[in-house]
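When a residue number appears, it is its place in the shown sequence, counting from 1.
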Amino acid sequence: MPTPSPHASRRALLAGAAAAGGAAVLPLASPAHADDLLLSTDFSSGTTEGWYARGAVALSVNAEGNLLVEGRTATWNGAAIDITAHIEVGVRYQLRVLMRLPSGTDAADLRTTVQRDAAGSTAYETVKWNTAVTPDAWTEFTGTYSITQPADLLQFYVESDSSLTPVLVDDFTLSRIQEPEIQDLMPLKDFLECDFPIGCAVEPPEVVGKPAELLAKHFAQVTTGNQMKPDAIQPTEGVFTFDRADQIVAFAEANGMRIWGHTLLWHNQTPAWWFLDADGNPLQPTRAHRALLLARFEAHVTALAAHYGDRVWAWDVVNEVVDPEQTDGLRRSRWYEVFGGGAYIGEVFKIARRVLPRKVKLFINDYNTEFPDKREALYNLVQDLKRKRVPVDGVGHQAHVDYKRDPQLLGESIDAFRRLRVLQAVTELDVSVSDYMEESLPSTPPERLAAQGRYYQELFTVLRDRARHLESVTMWGLYDAVSWLRTWPVSRPHEAPLFFDDRLQAKAAYWGVVDPAQLPPE
């Protein structure tokens with residue numbers, strides 16, 4: 001019997017998913033659910049109900065039955081509650097609390113965090129990022145939380161970004177999320193197997209529990225979203241921490257997934273010590289300090305090479321070094337300042353090539369490469385590097401786009417870089433449903449989710465038409481609730497840029513790729 005073609009296999013899998021009922025499910029918003037309430041406080045008893053002072057603060061319950069946190073002398077000072085007994089490994093929870101400022105105080109950015117203590121180490125994990133709070137109305141702080149390994153102590157607390165303002169707290173709840181079954185759908189990796197590997201950037205919570213099941217079902221490659229960045233790998237000079245990145249790598253290898261490393265050099269999320277001399281003074285544009293920076297980079301990459309070898313098949317060597325508004329097209333970072341220009345870019349690629357295994361591919365990665373000015377600036381940089389025989393293997397197009405941006409723009413950029421004979425990948429894809437960057441709505445308009453589905457249909461048509469020129473396409477996040485766009489540049493609870501919603505269910509975005517016939521009519 002002849003072996004069916006990959007395209008025939010894809011059609012058969014799609015038909016099977018539809019017959020199993022997968023294609024009948026097209027949620028534009030999360031289905032109705034009832035979470036298990038595990039812990040709640042509303043201070044109606046007139047006591048702090050288990051909340052305690054974190055730092056030098058005074059806690060009291062006011063006449064209105066709200067918890068008042070005052071006397072704060074540091075931004076981390078606040079009110080905390082122990083949630084250890086309620087949290088299990090691999091289970092997702094919702095943490096919700098209301099906050100307001102006392103009358104007569106200025107607006108301030110507040111956030112909620114969990115301090116996780118385990119095996120003698122402490123980590124601080126944001127639940128809801130900086131959100132503006134005023135005295136005029138209560139602001140809801142809701143976020144999803146999970147752990148990947150047992151913890152000795154978990155403390156949920158409220159704090160501020162920079163202000164030392166007093167804070168009012170009320171109506172706290174901790175609920176266990178009732179997870180639906182992962183849908184019996186055509187896996188994205190199978191549907192796209194004839195085109196390119198489909199990848200996903202994840203954090204450790206996405207490699208346990210139901211999210212891990214979703215990840216393994218649909219994706220063929222993983223990127224470590226934050227856990228291989230300089231601040232995660234080497235927070236203190238000479239002290240390397242691989243534990244959280246290793247969780248993701250181990251999961252990927254156990255599930256036959258390729259691993260993309262992100263990132264070796266970036267102007268952001270790099271510890272301050274990288275740019276200080278032995279006396280703690282800022283590095284200067286001198287030959288000695290340039291040599292010091294390169295030596296630190298080489299030590300960093302050497303440690304990564306020794307730990308991962310060729311288990312990581314590609315690395316973003318430099319990330320976001322282009323700025324088309326500058327005359328030379330380069331970002332004015334601390335690396336740029338110390339080197340007095342962009343010479344460091346070629347040098348770090350040469351170090352990476354010397355230190356990493358030969359089979360590992362080396363990429364330069366940037367955002368907005370679909371726009372002509374950014375495309376030109378990056379093209380000129382890569383062309384110059386290639387002329388100088390700098391070992392740049394590939395270009396990564398981040399593709400953080402919005403649902404109104406012309407999908408053909410990204411196609412034009414892929415076409416342009418073919419002339420340089422470099423590998424190409426889409427590295428950080430998501431599709432914002434905001435009408436403008438600072439838009440913040442309480443929920444997602446259903447019509448935007450439908451429009452997003454049609455956008456993904458058009459975008460993946462563009463990408464699949466260029467499949468032989470793409471090494472992979474990677475989504476920047478597994479499901480909407482963990483997207484970075486929920487917190488940047490402002491709190492945006494309506495943002496829903498990915499294939500799967502907060503409940504891990506497929507959206508119109510998924511069907512736009514796999515079966516556009518399932519999309520709602522315009």
### Query
Do Phe251 and Glu206 have side-chain heavy atoms sitting under 4.5 Å apart?
no
#### Entry: is_close_aromatic(His400, Trp488), centroid dist under 6.0 Å
no
### Task
Check whether any side-chain heavy atom of Val431 sits under 4.5 Å from a side-chain heavy atom of Asp402, and report yes or no.
no
### Query
Do Val360 and Val312 come within less than 4.5 Å of each other through their side chains, counting heavy atoms only?
no
### Task
Give the intermediate values and the outcome of side chain to side chain contact (heavy atoms under 4.5 Å, CB included) for residues Gln408 and Glu370.
CA-CA 9 Å; Gln408 293 294 337; Glu370 63 273 13; over 6 Å; no
### Task
Would you check if the distance from the ring center of His86 to the ring center of Tyr93 is below 6.0 Å?
no
### Message
Within the 3.5 Å criterion, strictly below it, is a donor on Asp243 or Gln149 matched to an acceptor on the partner's side chain?
### Response
no
### Query
Which of parallel (below 30°), tilted (30 to 60°) and perpendicular (above 60°) describes Trp335 and Phe339?
parallel
### Task
Give the C-alpha distance, both sets of side-chain angles, the deciding distance and a yes or no for side chain to side chain contact (heavy atoms under 4.5 Å, CB included) between Thr474 and Phe219.
CA-CA 9 Å; Thr474 293; Phe219 295 95; over 6 Å; no
### Message
Quick one about Tyr403 and Asp435 (side-chain donor to acceptor, distance below 3.5 Å, no hydrogens or angles considered), yes or no?
### Response
yes
### Query
Does a donor on one side chain and an acceptor on the other come within less than 3.5 Å for Gln424 and Arg418?
no
#### Entry: pair Val202-Ile248: side-chain heavy atoms closer than 4.5 Å
yes
### Task
Give a yes-or-no answer on whether the side chains of Tyr308 and Asp246 include a donor-acceptor pair shorter than 3.5 Å.
yes
### Summary
NZ (Lys189) and CG (Asp195) are apart, to the nearest 0.5 Å, by 16.0 Å
### Task
Give a yes or no on whether a salt bridge exists between Arg353 and Asp393, defined as a side-chain N under 4.0 angstrom from a carboxylate O.
yes
### Message
Applying side-chain hydrogen bond (donor to acceptor under 3.5 Å, both in side chains) as the test, list every pair that has at least one member in residues 229-238; sequence neighbours left out.
### Response
Asn226-Lys229, Lys229-Gln269, Gln234-His300, Glu237-Arg296
### Query
At what distance, to the nearest 0.5 angstrom, does OG1 of Thr131 lie from CZ of Arg492?
12.5 Å
### Query
Are the charged groups of Arg466 and Asp415 less than 4.0 angstrom apart, N to O?
yes
### Query
Between Arg448 and Val433, is there a donor-acceptor pair closer than 3.5 Å when you use the side chain of the first and the backbone of the second?
yes
### Query
Do Glu179 and Arg92 sit within salt-bridge range, that is, some charged N less than 4.0 Å from a carboxylate O?
yes
### Query
Going through the distances and angles, do Glu181 and Lys210 end up as a salt bridge (charged side-chain N to carboxylate O under 4.0 Å, His left out)?
CA-CA 8 Å; Glu181 292 301 312; Lys210 287 292 184 181; 3.1 Å; yes
### Message
Can you see whether Glu253 engages Asn255 through a side-chain donor-acceptor pair at a distance of less than 3.5 angstrom?
### Response
no
### Query
Between Asp161 (side chain) and Asn130 (backbone), is there a donor-acceptor pair under 3.5 Å?
no
### Message
Looking at Thr223 and Gly225, would you say the former's side chain and the latter's main chain have a donor-acceptor pair under 3.5 Å?
### Response
no
### From CA spacing to verdict: side chain to side chain contact (heavy atoms under 4.5 Å, CB included), Ile351, Arg354
CA-CA 5 Å; Ile351 291 170; Arg354 184 170 69 249; 3.7 Å; yes
#### Entry: Check: Arg311 side chain, Val249 main-chain N or O, donor-acceptor pair, under 3.5 Å
no
### Task
State whether the side chain of Ser121 and the backbone N or O of Ala118 hold a donor-acceptor pair below 3.5 Å, judged by distance alone.
yes
#### Entry: Pair Trp260 + Phe363: ring centers closer than 6.0 Å
yes
### Message
Would Phe297 and Tyr344 count as a ring pair (Phe, Tyr, Trp, His ring centres under 6.0 Å) here? Give the steps.
### Response
CA-CA 11 Å; Phe297 181 84; Tyr344 69 93; 9.5 Å; no
### Task
Taking the side chain as every heavy atom from C-beta outward, state whether Ser146 and Val91 have any pair of such atoms under 4.5 Å apart.
no
#### Entry: Heavy-atom side-chain proximity of Val127 to Phe141 below 4.5 angstrom
no
### Message
Tell me if a side-chain donor or acceptor on Asn368 pairs with a main-chain N or O of Phe371 at a distance below 3.5 Å.
### Response
no
### Query
Under 3.5 Å, is there a donor-acceptor pair linking the side chains of Glu125 and Tyr145?
yes
### Task
Please name all residues satisfying side chain to side chain donor-acceptor pair (under 3.5 Å) with Asp366, sequence neighbours left out, ordered by chain then number.
Lys374
### Message
Please tell me whether Tyr336 and Arg332 have a donor and an acceptor in their side chains that are separated by less than 3.5 angstrom.
### Response
yes
### Task
Please determine if Arg358 and Asp310 form a salt bridge, counting it only when a charged side-chain N lies under 4.0 Å from a carboxylate O.
no
### Message
Is a donor from one side chain sitting under 3.5 angstrom from an acceptor on the other, for Trp129 and Asp109?
### Response
no
### Message
Whether Glu140 and Lys128 form a salt bridge (side-chain N of Lys/Arg under 4.0 Å from carboxylate O of Asp/Glu) is what I want to check.
### Response
no
### Message
Checking side-chain polar atoms at under 3.5 Å, does Gln94 have a donor or acceptor matched by the opposite partner on Ser175?
### Response
no
### Message
Within the 3.5 Å criterion, strictly below it, is a donor on Arg486 or Ser491 matched to an acceptor on the partner's side chain?
### Response
no
### Task
Taking the six-membered ring for Trp and the single ring otherwise, decide whether the centroids of Phe499 and Tyr456 are under 6.0 Å apart.
yes
### Task
For this output row, return yes or no: ring centroids of Phe417 and His397 closer than 6.0 angstrom.
yes
### Query
Within the side chain of Thr270, is there an N or O that forms a donor-acceptor pair under 3.5 Å with the backbone of Asn268?
yes
### Task
Please lay out, stage by stage, how Asp480 and Phe500 fare under the test side chain to side chain contact (heavy atoms under 4.5 Å, CB included).
CA-CA 6 Å; Asp480 289 339; Phe500 303 99; over 6 Å; no
### side chain to side chain donor-acceptor pair (under 3.5 Å) partners of Thr113, counting only residues at least two apart
Glu159
#### Entry: Between Gln398 and Thr369: side-chain donor-acceptor atoms closer than 3.5 Å
no
### Query
Checking Asp316 side chain against Asn319 main chain: does a donor-acceptor pair fall under 3.5 Å?
no
#### Entry: Arg258 vs Ser472 side-chain heavy atoms within contact, under 4.5 Å
yes
#### Entry: Check against salt bridge (charged side-chain N to carboxylate O under 4.0 Å, His left out), Asp430 and Arg405
CA-CA 12 Å; Asp430 50 26; Arg405 190 172 303 177; over 6 Å; no
### Query
Looking only at side chains, do His494 and Ser434 share a donor and an acceptor under 3.5 Å apart?
yes
### Query
Any side-chain donor paired with an acceptor under 3.5 Å for Lys507 and Gln452?
yes
### Message
Using 30° and 60° as the class boundaries, would you call the ring planes of Phe460 and Phe196 parallel, tilted or perpendicular?
### Response
tilted
### Task
Using atom types as modelled and distance alone, determine if a side-chain donor or acceptor of Arg375 lies under 3.5 Å from a backbone N or O of Leu410.
no
### Message
Is any side-chain heavy atom of Pro204 closer than 4.5 Å to one of Gln227?
### Response
yes
### Query
Is there a donor-acceptor pair under 3.5 Å between the side chain of Thr241 and the backbone N or O of Ala232?
yes
